[in-house]
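Quick note on labels: first sequence line is chain A, next is B, and so on, each numbered from 1.
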Number of protein chains: 2
Amino acid sequence: MFEARLLKSSILKKVLEAIKDLLTQATFDCDDNGIQLQAMDNSHVALVSLLLRADGFDKYRCDRNVTMGMNLGSMTKILKCAGDKDTVTMKAQDNADTVTFVFESPNQEKVSDYEMKLMNLDLEHLGIPETEYSCTIRMPSAEFARMCRDLSQFGESIVISCTKEGVKFSTSGDIGSANIKLAQTASIDKEDEAVIIEMDEPVTLTFACQYLNYFTKATSLSPQVQLSMSADVPLVVEYRIPDIGHIRYYLAPKIEEDDN
Amino acid sequence: MFEARLLKSSILKKVLEAIKDLLTQATFDCDDNGIQLQAMDNSHVALVSLLLRADGFDKYRCDRNVTMGMNLGSMTKILKCAGDKDTVTMKAQDNADTVTFVFESPNQEKVSDYEMKLMNLDLEHLGIPETEYSCTIRMPSAEFARMCRDLSQFGESIVISCTKEGVKFSTSGDIGSANIKLAQTASIDKEDEAVIIEMDEPVTLTFACQYLNYFTKATSLSPQVQLSMSADVPLVVEYRIPDIGHIRYYLAPKIEEDDN
DNA sequence: GTCACGTCTC
DNA sequence: GAGACGTGAC
């Protein structure tokens, strides 16, 4: 039997918001350590990796490892039925072909349960190597989202360039070109507002705006985002979910095109 | 001559919002007691009954009974031209074929009038018997609206089941199934937030989601809604409009289908 | 093309 | 909480 309870359903609601535009279905792997999800997006361009640790749940029980293939559209519909202050509990019997979500209002006067059929999904196990990156940039997640949204008005690609001067986000298109330069914050009064750049080697890479915009759907999960880059390897965009885990997005850089 | 004035046009605006999706036209019956409207919806499935008592108006005069056939689309367009704080006055000459709406801004600086042609509508007089019901449920209108919207994601029908344990709203469909259980509120600190269940006989009935969702367009008219049910008779969904009347929706239960 | 719904913003 | 905008369905 599997059972995982969160006092605040909003975490799970936000997680779904953060992945549903990239994935139509996905496998939730549950074991003693928690819940893990790894999947290529529908277009096999980006990779999503979610971890929710067992100790981050308010109750967690997993007698046997279970892999649950979920239709994320259906799951999103169900989670929309939870109030932000509701408690949510996911339950599945061993070897069951359904999962049940139970929502309880804070005063216990409203209890709702939703049973969803599971899917048989091919297990694609993705080995993601832990890597050292030439540059890591931490910044407020809302600021990153704003930049991606702003720049995507002008072109389909964003060039991220990290040097000792700071980090620069650039794009160009029919309208013209745009550059946003970000310097490391001098004082770290407010941790959430800090921009912190660690650079061993300067790196310049180009990415598809559309995917960065998909990634920023995770903005409400964390006040900060971390970008990790090295030449010729996928960018990692990581949102740490307080007290419970993280969601990481991987996106391969575009091969440099002509500058016509 | 007929004349009816409301200091707050918002009441009439909300009434139109609450009926315009169900009715394309309707007859307003005006007499000494006030304004009444009763009509089957466009598909002849649900019934709408509106009462605005004369004493709820800030001025009310009705020399002779008048029946005004209104195109509700046109009337809605006109009412959208009124500010929420405007005073609205409906006027009609005896035997006229038009009705006039006059809107006056609070400071009297803006006065607008809109004349609308009336329609000749067949008078369908609907005798609605006053009945005792086996169950009545009062609950916050927003909560009812939320439940109807949530459940309609999963199926076309909602089963409402009222027993001594409380009231349960259920549905099922391709995705899976859903149940929302509501218990009577223990304390009635805030009257508007109370759930109050009166049950003489347990009742379980099935209704079309779509119509319940139409009914919830009346949500902003009242903080509370009352559902009345007896076996084999139409559900009544009533919103009391403070100080002036009510709007009631009647919906026949679906005949039980096979449970395949 | 129209209508209704959901989302986002003020 | 209400109004406006954009999107999806008929």
Side-chain angles (χ1 to χ4, degrees), chain A residues 9-10 13-22 24 42 71-85 141-142 145-146 148-150 152-153 210 213-214 216-221, chain B residues 8-26 41-43 45-46 48 71-86 88 103 105-106 140-156 158 171 173-175 178 190 192-193 208-225 239 241-242 249:
Chain A
S9 69
S10 55
K13 287 160 74 91
K14 289 174 184 172
V15 163
L16 263 287
E17 287 304 306
I19 63 178
K20 75 172 168 56
D21 291 343
L22 280 162
T24 54
N42 300 330
N71 176 314
L72 296 183
S74 304
M75 188 172 169
T76 300
K77 282 185 179 178
I78 289 173
L79 286 167
K80 285 203 173 142
C81 302
D84 274 352
K85 292 170 185 167
S141 58
R146 176 66 193 263
C148 292
R149 198 183 64 208
D150 286 352
S152 62
Q153 296 184 108
Q210 179 64 79
N213 280 130
Y214 284 141
T216 62
K217 306 288 184 187
T219 300
S220 62
L221 280 167
Chain B
K8 291 283 166 264
S9 69
S10 57
I11 293 174
L12 201 55
K13 288 160 73 89
K14 288 175 184 172
V15 163
L16 263 287
E17 288 302 307
I19 62 178
K20 76 173 168 56
D21 290 345
L22 278 163
L23 310 172
T24 53
Q25 69 264 320
D41 83 289
N42 299 331
S43 317
V45 172
V48 179
N71 177 315
L72 297 183
S74 306
M75 188 174 169
T76 300
K77 284 183 182 172
I78 289 173
L79 285 167
K80 287 209 169 135
C81 303
D84 273 353
K85 292 169 184 167
D86 287 359
V88 57
F103 307 134
S105 65
S141 59
E143 191 162 343
F144 178 62
R146 173 68 193 263
M147 284 196 305
C148 292
R149 197 185 64 209
D150 284 352
L151 292 183
S152 61
Q153 297 187 106
F154 304 103
E156 292 175 357
I158 290 183
T171 191
D174 295 341
I175 290 176
K190 297 176 184 170
D192 290 349
E193 294 173 12
C209 278
Q210 178 66 79
Y211 284 92
L212 298 179
N213 281 129
Y214 283 139
F215 302 168
T216 62
K217 306 289 184 187
T219 299
S220 62
L221 280 167
S222 177
Q224 284 249 320
V225 64
Y239 296 84
I241 311 170
Y249 302 95

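- In this structure, B:Lys13 reaches neither bases nor backbone, as no heavy-atom distance under 4.0 Å exists between it and the strands shown.
- Atom CG in B:Leu16 sits roughly 17 Å away from atom C1' in C:dA4 (whole-Å rounding).
- One atom, CG of B:Leu23, and another, C1' of C:dA4, lie 16 Å apart when rounded to the nearest Å.
- One can place CD of A:Glu17 at 12 Å from C1' of C:dG6, the figure rounded to the nearest angstrom.
- We find that CG of B:Asp84 is positioned 9 Å from P of D:dA2, with the value rounded to whole Å.
- If you measure from atom CZ of B:Arg149 to atom C1' of C:dA4, you get 14 Å, rounded to the nearest angstrom.
- Closest of all the heavy-atom pairs between A:Leu72 and A:Thr76 is O-OG1, 2.6 Å.
- Taking atom CD1 of residue B:Ile19 and atom P of nucleotide C:dA4, one finds them 13 Å apart after rounding to whole Å.
- Protein atom NZ of A:Lys77 is 13 Å distant from nucleotide atom C1' of D:dG8, rounded to whole Å.
- Backbone-only engagement by A:Lys80 is indicated by non-hydrogen atom pairs under 4.0 Å involving sugar-phosphate atoms exclusively.
- Side chain of B:Ser141 to backbone of B:Pro223: a donor-acceptor contact under 3.5 angstrom is found.
- One interatomic measurement links the two molecules: CZ of A:Arg146 to P of C:dT9, which rounds to 11 Å at whole-angstrom precision.
- Residues satisfying the side-chain hydrogen bond (donor to acceptor under 3.5 Å, both in side chains) test with A:Ser9, not counting sequence neighbours, are none.
- A distance-only check finds a donor-acceptor pair linking the side chain of B:Lys13 to the backbone of B:Leu79 [under 3.5 Å].
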